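Computed from a predicted model, the values in this text were never measured in an experiment. Whatever order the structure lists ligands and atoms in, that order sets their numbers, starting from 1.
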Amino acid sequence: MAAMDGCDVVVIGGGVVGCSVAWHLAALGAGRVLLLERRQVGAGTTAQSSGILRTHYSVPENVELARRSWAVFKRFADYLGEAEASAGLVRCGYLIAAPEGTKLQALRDALAQQAAMGIDVRTLTPAEAAALLPIARFDDAALIGHEPEAGYADAYLVASSFARAARRRGVRVIEGVDALALRRAGARVVGVETSQGFIAAGVVVSTQNIWARELEAWTGIAQPIAAERHRVLALQGPQAYTPAMPVFKDLASPGLLYARSYGGGQMLVSEGLPGETLATPDDRQGEVSMDLVAEIGAQVAERFPSFAEAGLASSWTGVYDVTPDWNPVLGPVPGVPGLVVGHGFSGHGFKLSPAVGRVLAQAALGLPTDVPLAPYALERFGAGRLLKGRYGAGAVS
Ligand SMILES: Cc1cc2nc3c(=O)[nH]c(=O)nc-3n(C[C@H](O)[C@H](O)[C@H](O)COP(=O)(O)OP(=O)(O)OC[C@H]3O[C@@H](n4cnc5c(N)ncnc54)[C@H](O)[C@@H]3O)c2cc1C
């Protein structure tokens, strides 16, 4: 690698968020931009994502970021200005159903809020829902929301596409380099100490996900991020979960399951509850025990009767960067001028990544941001202004 000269903006972390920030910095004319990744682009938690895209949120700020991001996913190649770019988007829609009980009002309110924000959401009868997702039963549903403009995409592909497009716009993407510390002049950040030497920078953007705890040592400012491991299963049932069938969120299941088509006809399924908190940030694979498979399998069979006979085709684990309110921290860090952060996505950052990349780039450049970042400020935790969703803890937020 050539000696690293100073630059205008350094982005630490080449996941889907950092790659989006880097591309948006270049698109906004940021000057010399450098993206540092200690492993490979996309190799962190982005590679573990279930890839679901929806604007369904109970927190209106998230609806807005998701809406802006969906607009990008829909025309990803055009947006990047690269005819060959793809997000791997499948526009199958999103169904969310609640029975009578504690989640019903939350769903009703969230759907009404989405509609008031101009999003195309409908309520369906059980028969209408079953026509879209015939492998599921809906006889217990008190309310079913349908968002036709939703689906899933490939988070790794989106990260690598943003990174490639950023390189073509002049961003230096350097893999295999560890950011070790921030160098400061007084309070202000003036660059990054790395495993390959010092890089002077006007602004540093940290998109380090679970590793954002490193910022505590670098700045002395607490970053309330817990690393939480979650399990994902791929099931092969006697009936296919085809790509045309909508993603499904089951608010009736004890685990608040989400499911989607996977690999052509399998079902990808995971729980929407808090996961296993890890003592240190670590995204290596954990165990998926037979007990856990049986526990999720029983819930799947309850909703998708033919999947009572399903086989386990694959399983893996992934780690969420969870904040106390299950929503991200976006924007400048108080008391550390020159540092902007984007982390704490709490298991729902992929669907926000295009819009988040743009607002973080705007914040880094001192430009007005597309949406106000105040609700996502780090200070909210100390000030008791948590950005809590109506569904309680969990990535539906
Ligand atoms: C199992 C699972 C399922 C999910 N499903 C969904 C979903 O359906 N929909 C959705 O919207 N979201 C989902 N998410 C969340 C979404 O995937 C994440 O929010 C998103 O991918 C995070 O991207 P990131 O760039 O913040 O983090 P990462 O991809 O983890 O990137 C951070 C990068 O920073 C690098 N790094 C850290 N510290 C340093 C350092 N000091 N020096 C150099 N490099 C450093 C790391 O190596 C890493 O590559 C899911 C997540 C998981 C784990």
Subject >> Residue from Tyr57, Tyr258, Trp326 passing ring-ring contact (aromatic ring centres under 6.0 Å, His included) with His348 >> reply: Tyr57

**OP:** Under the ring-ring contact (aromatic ring centres under 6.0 Å, His included) rule, what do Phe138 and Phe248 come out as? Steps first, then yes or no, please.
**Re:** CA-CA 11 Å; Phe138 295 94; Phe248 183 54; 5.5 Å; yes

Subject >> Path from Leu373 to Val11 over hydrophobic side-chain contacts below 4.5 Å >> reply: yes

**OP:** Using heavy-atom distances, let me know which of Gly349, Gly176, Ser50 sits nearest atom 3 (C) of ligand 1.
**Re:** Ser50

Original post:
Who's the nearest protein heavy-atom neighbour of atom 52 (C) of ligand 1, and how far?
Top reply: Tyr320 CE1, 3.4 Å

Original post:
Between Val232 and ligand 1, which part of the residue brings a heavy atom under 4.0 Å of the ligand: side chain, backbone, both or neither?
Top reply: side chain

**OP:** Check whether more than 12 heavy atoms from other residues, nucleotides or ligands sit under 6.0 Å from atom CD of Glu302, and answer yes or no.
**Re:** no

Original post:
Which residue from Arg38, Glu175, Arg231 reaches closest to atom 45 (C) of ligand 1 through any of its heavy atoms?
Top reply: Arg38

Original post:
With only distance considered, is Gly347 within less than 3.5 Å of ligand 1 through an N or O on each side?
Top reply: yes

Original post:
For ligand 1, is any non-hydrogen atom under 4.0 Å from Lys351's backbone (N, CA, C, O), its side chain (CB onward), both, or neither?
Top reply: both

**OP:** Could you say whether the N/O atoms of Gln48 and ligand 1 ever approach to under 3.5 Å?
**Re:** no

Subject >> Residue-ligand contact Glu214/ligand 1, heavy atom below 4.0 Å >> reply: yes

**OP:** Fit a plane to each ring of Phe76 and Phe162, take the angle between them on a 0 to 90° scale, and name the class: parallel (under 30°), tilted (30 to 60°) or perpendicular (over 60°).
**Re:** perpendicular

Original post:
Crowded around Glu82 CD? As in, over 12 foreign heavy atoms under 6.0 Å?
Top reply: yes

Original post:
Which of these passes side-chain contact (heavy atoms from CB on, under 4.5 Å) with Leu182: Val10, Val190, Val189?
Top reply: Val189

Subject >> Heavy-atom donor-acceptor pair, Ser20 side chain to Ser353 backbone, under 3.5 Å >> reply: yes

Original post:
Thr45 heavy atoms, cut-off 4.0 Å: which ligand 1 atoms fall inside?
Top reply: 22 (C), 27 (O), 28 (P), 29 (O), 30 (O)

Original post:
Can you list the atoms of ligand 1 that are under 4.0 Å from a heavy atom of Thr207?
Top reply: 32 (C), 34 (O)

Subject >> Closest to atom 7 (C) of ligand 1 among Ile52, Leu36, Val41 (heavy-atom distance) >> reply: Ile52

**OP:** Counting heavy atoms only, name the option from Glu37, Arg229, Gln208 that's nearest to atom 46 (C) of ligand 1.
**Re:** Glu37

**OP:** Kindly give the heavy-atom pair with the smallest separation between Ser161 and Ser86, and that separation in Å.
**Re:** OG-O, 3.5 Å

**OP:** Say whether Ala155 and ligand 1 are in contact under the criterion: heavy-atom distance to a ligand atom below 4.0 Å.
**Re:** no

**OP:** Would you mind finding which of Ala181, Ser270, Ala179, Gly344 brings a heavy atom closest to atom 42 (N) of ligand 1?
**Re:** Ala179

Subject >> Shortest protein heavy-atom distance from atom 21 (O) of ligand 1, along with the residue and atom involved >> reply: Thr46 OG1, 3.0 Å

Original post:
Considering only protein heavy atoms, which is closest to atom 50 (C) of ligand 1, and at what distance to one decimal place?
Top reply: Ser49 OG, 3.6 Å

**OP:** Consider ligand 1: state whether an atom of it lies below 4.0 angstrom from any non-hydrogen atom of Val177.
**Re:** yes

Original post:
Under 4.0 Å between a Lys/Arg side-chain N and an Asp/Glu carboxylate O for Glu61 and Lys388?
Top reply: no

**OP:** Compute the shortest N/O to N/O distance between Gly342 and ligand 1 and return yes if it is under 3.5 Å, no if not.
**Re:** no

Subject >> Heavy-atom nearest neighbour in the protein, as seen from atom 22 (C) of ligand 1, with distance rounded to 0.1 Å >> reply: Asn209 ND2, 3.4 Å

**OP:** Considering the heavy atoms of Gly44, write down every atom of ligand 1 situated less than 4.0 Å from one of them.
**Re:** 29 (O), 30 (O), 49 (O)

Subject >> Contact (N/O only, under 3.5 Å) between Phe345 and ligand 1 >> reply: no

Original post:
Can you tell me the protein heavy atom closest to atom 16 (C) of ligand 1 and the distance?
Top reply: Phe350 N, 3.6 Å

Subject >> Residues Arg54 and Glu147 bridged, charged N to O under 4.0 Å >> reply: no

Original post:
So which of Gly42, Gly13, Pro328 gets nearest to atom 34 (O) of ligand 1, if we judge by its closest heavy atom?
Top reply: Gly13

Original post:
Is Asp283 salt-bridged to Arg229, going by a charged N under 4.0 Å from an acidic O?
Top reply: no

